[in-house]
Amino acid sequence: MHSKNNIIRVKKAKNFGGEVSVPGDKSISHRAVMLASISNGRCKIDGFLPSEDCLSTLEAMRALGVQIDILEEDEFGPNGLMIHGGGLNLTKPKSDIDCGNSGTTMRLLSGLLAGQKFFSRLIGDESLSTRPMERIVSPLRSMGCGISAEGENGCAPILINGGGLKGVSYELPVASAQVKSALLLAGLYAEGRTSVVEPLRTRDHTEKMLDFFQAGTNVHENEISIDSGQVLESRDFVVPGDISSAAFWLVAASAFPDSQLTVKNVGLNPTRNGILKILVRMGAYVSESVGTNSGGEEIGNVSIQGGKLKGIEIGGNIVPNIIDEIPIIAVAAALADGKTIIKDAAELRVKESDRISVVAENLRKMGADLQETSDGMVINGGHELQGAELKSFGDHRIAMAFAIAGLFASGQTIITDAGCVAISYPNFEEHLIKLTSVNSRIFDRATPVITSFPDFNSKE
Ligand code: S3P
């Protein structure tokens, strides 16, 4: 485990490129452990992400009585698991369940615990304890759950007295895959049918995985429904590489003249691959080849040829698809020629940090020209970036986004409190060293292939 005091030092890169396989998808790893735990038998999970967030979910399920054996592990933790699913009913935990820094653990688990006929209490770290939880408390309460947020302003700890749920139809006020997922999981335990209507399409890993485990969901336009009383049939599952982790390398390669990069075995779910579309619009050469499919999740390779990027406008339907990638997209925008407008992204203010304000602060320290807005930022790109000492604000994606910015800045960039990269990408630094050590310009420049993407999300 990385220490919370780690520092990342980056100098302007002379080279960037090569081949990399990013670790397992964070969103899918959480869901794989939860769904396998409530399935009716043994499930082997390969490619599990051994990051702090996903380990919070693993330990939470163990605290709820699920036997989880480690089949494989590397220096960062377990990545091959055998989960002994015991059906929908979990066991009352002996103490509070610690969700650490993980919003996905706290929100999805609340949905599962809403269906359990016992009392439980969910706690989190300082950052998680300031994040909005009323968004799950209120709909779960409307289903009949005894649930409340004990902290100030509807924040954690969350107290849950589960059981006795009734299906409802709920329109999400904000697009959130975590809230949608919590309600679908609660729906497994609720009398009748539970429906969730989302204002914009968000990542659909929960629906896909429930279907894979034979607990069918119905999707009609923006409405997703689930019926109670379904048995999750145990299944083995392979977690694809995380496109949100790949995004750091995809942006670095796109902005690095003549670089060549291939990210292998990465998840290409259409509700998550908006970053590729954004990079194509910014002028990058991107090619995508879908290879296999695991439990409904497409997996493939993505290749990039570096060049000069240009500013674009980003907002509307695509925002939930790229919500975790916006910090690194902002870095791309600072490196691009011209103006980039990022809007409709106010949700960034309630992530692991206020990502609008901290991205603006760090980019400004590096000499970028930008204005912060209430729901995004306007970046006038193309100014030379200078190395600076920057804070991560304890936010993994901020630490990694600014390590990438440092590859393009004069002098040295120092990211303090960077141990938080272990929240989602424990071997980030190892990959950073590998990809900056390769002289990628030895490759011939191939004919650019611009991939066409599904129409979904095209109305940004
Ligand atoms: C996630 C959904 C998103 C995302 C988070 C992971 C998930 O959060 O930002 O990193 O796994 O469902 P919201 O549901 O709050 O948008």
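We count ligands from 1, going down the list as the structure has it; atoms in each ligand are counted the same way.
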Proximity of [X] to ligand 1 by residue part, where a heavy atom lies under 4.0 Å:
| X | value |
| --- | --- |
| Arg31 | side chain |
| His30 | neither |
| Arg107 | side chain |

Around [atom], find the nearest protein heavy atom and jot down its residue, atom name and distance.
| atom | value |
| --- | --- |
| atom 10 (O) of ligand 1 | Asp324 OD2, 2.8 Å |
| atom 15 (O) of ligand 1 | Lys351 NZ, 3.3 Å |
| atom 11 (O) of ligand 1 | Ser27 OG, 2.7 Å |

Original post:
Judged by modelled atom types alone, do Arg42 and Ser234 share a side-chain donor-acceptor pair under 3.5 Å?
Top reply: no
**OP:** Please could you name the atoms of ligand 1 that Ile323 approaches to less than 4.0 Å, counting only its heavy atoms?
**Re:** 9 (O)
Original post:
What atoms of ligand 1 come within less than 4.0 Å of a heavy atom belonging to Ser176?
Top reply: 13 (P), 14 (O), 15 (O), 16 (O)
**OP:** Evaluate whether atom CZ of Arg121 has more than 12 neighbouring non-hydrogen atoms of other residues, nucleotides or ligands under 6.0 angstrom away.
**Re:** yes
Look only at interatomic distance and state if [X] has a nitrogen or oxygen under 3.5 Å from any nitrogen or oxygen of ligand 1.
| X | result |
| --- | --- |
| Arg135 | no |
| Leu108 | no |
| Arg397 | no |

Original post:
Relative to each other, are the rings of Trp249 and Phe428 parallel, tilted or perpendicular (30° and 60° limits)?
Top reply: parallel
Using a strict 4.0 Å threshold on nitrogen-to-oxygen distance, state whether [X] and [Y] make a salt bridge.
| X | Y | result |
| --- | --- | --- |
| Arg62 | Glu59 | yes |
| Lys343 | Asp375 | no |
| Arg203 | Asp25 | no |
| Glu298 | Lys208 | no |
| Arg272 | Asp242 | yes |

**OP:** Run down the list Arg272, Arg131, Gln178, Glu352 and name the one with the heavy atom closest to atom 1 (C) of ligand 1.
**Re:**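 Heavy atom nearest to atom 1 (C) of ligand 1 belongs to Gln178.
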